[in-house]
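Okay, structure first, notes after.
All values below come from the heavy atoms of this structure, side chains included, with hydrogens, waters and symmetry mates left out. This chain uses plain numbering: 1 for the first residue, then up along the sequence.
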Amino acid sequence: STCAFWPRSGVQSVADLAGKSRELVIAGVGPSSGSTLDAITLKALFGWNWKIVTGYPGLANAITASEAGEADGLCGLNVTTLKARLWERM
């Protein structure tokens, strides 16, 4: 799976995540969903400064919320989702 960040987050590479002083908001679905577990695992492994907001009914809702500015990005995306829905906007 993959994480994606909107341009307004200032994240353009993995190196940008290591030096973030501002807490990023990551949209997640449920507490045991892939989008949330991926974000939790990456935060624990690398100490990235982000808050995971769960409760979106599905990944499509989390993407829409991120597009609307509720979150800086999300995890749990597969390449098919990226190509089908987000590729042209990223």
Side-chain angles (χ1 to χ4, degrees):
S1 92
T2 305
C3 296
F5 297 89
W6 300 105
R8 70 179 169 278
S9 71
V11 175
Q12 295 182 347
S13 71
V14 173
D16 294 332
L17 292 168
K20 271 291 180 205
S21 57
R22 177 179 75 85
E23 183 178 64
L24 295 171
V25 177
I26 305 299
V29 179
S32 62
S33 70
S35 61
T36 302
L37 293 177
D38 289 353
I40 289 169
T41 301
L42 291 168
K43 181 177 181 171
L45 282 172
F46 299 109
W48 291 338
N49 187 19
W50 62 34
K51 176 175 82 171
I52 303 154
V53 177
T54 61
Y56 293 99
L59 192 55
N61 302 92
I63 292 169
T64 300
S66 295
E67 289 174 328
E70 291 181 26
D72 295 303
L74 61 156
C75 295
L77 299 168
N78 58 41
V79 173
T80 306
T81 303
L82 285 170
K83 288 179 116 176
R85 180 154 180 180
L86 303 172
W87 199 258
E88 295 300 320
R89 293 184 243 167
M90 298 176 85

Can you tell me how far apart OG (S66) and CG (D72) are? Round to the nearest 0.5 Å.
8.0 Å
Hydrophobic cluster membership, with links at side-chain heavy-atom distances under 4.5 Å among I/L/V/M/F/W/Y: are L24 and V53 in one?
no
Find out whether F5 and L17 are in side-chain contact, i.e. whether some heavy atom of one side chain is under 4.5 Å from a heavy atom of the other.
yes
Please state whether the rings of W50 and W48 are parallel, tilted or perpendicular, taking 30° and 60° as the class boundaries.
perpendicular
Closest approach of R22 and R8, non-hydrogen atoms and distance?
NH2-O, 4.2 Å
Might you point out which heavy atoms bring W6 and I63 nearest each other, and give the distance in Å?
CZ2-O, 4.2 Å
Test your reading of the model: is there a side-chain donor-acceptor pair from T36 to the backbone of P31, 3.5 Å cut-off?
no
For A4 versus L77, what's the shortest heavy-atom pair and its separation?
CB-CD1, 3.5 Å
So how far is it from T54 OG1 to I26 CD1, rounded to the nearest 0.5 Å?
13.0 Å
Value for OH (Y56) from CG (L74), rounded to nearest 0.5 Å, stands at 9.5 Å
Given the rule that I, L, V, M, F, W and Y join up when any side-chain heavy atoms are under 4.5 Å apart, are I40 and V14 in one cluster?
yes
Is a donor on one side and an acceptor on the other found under 3.5 Å between the side chain of D38 and the backbone of S35?
no
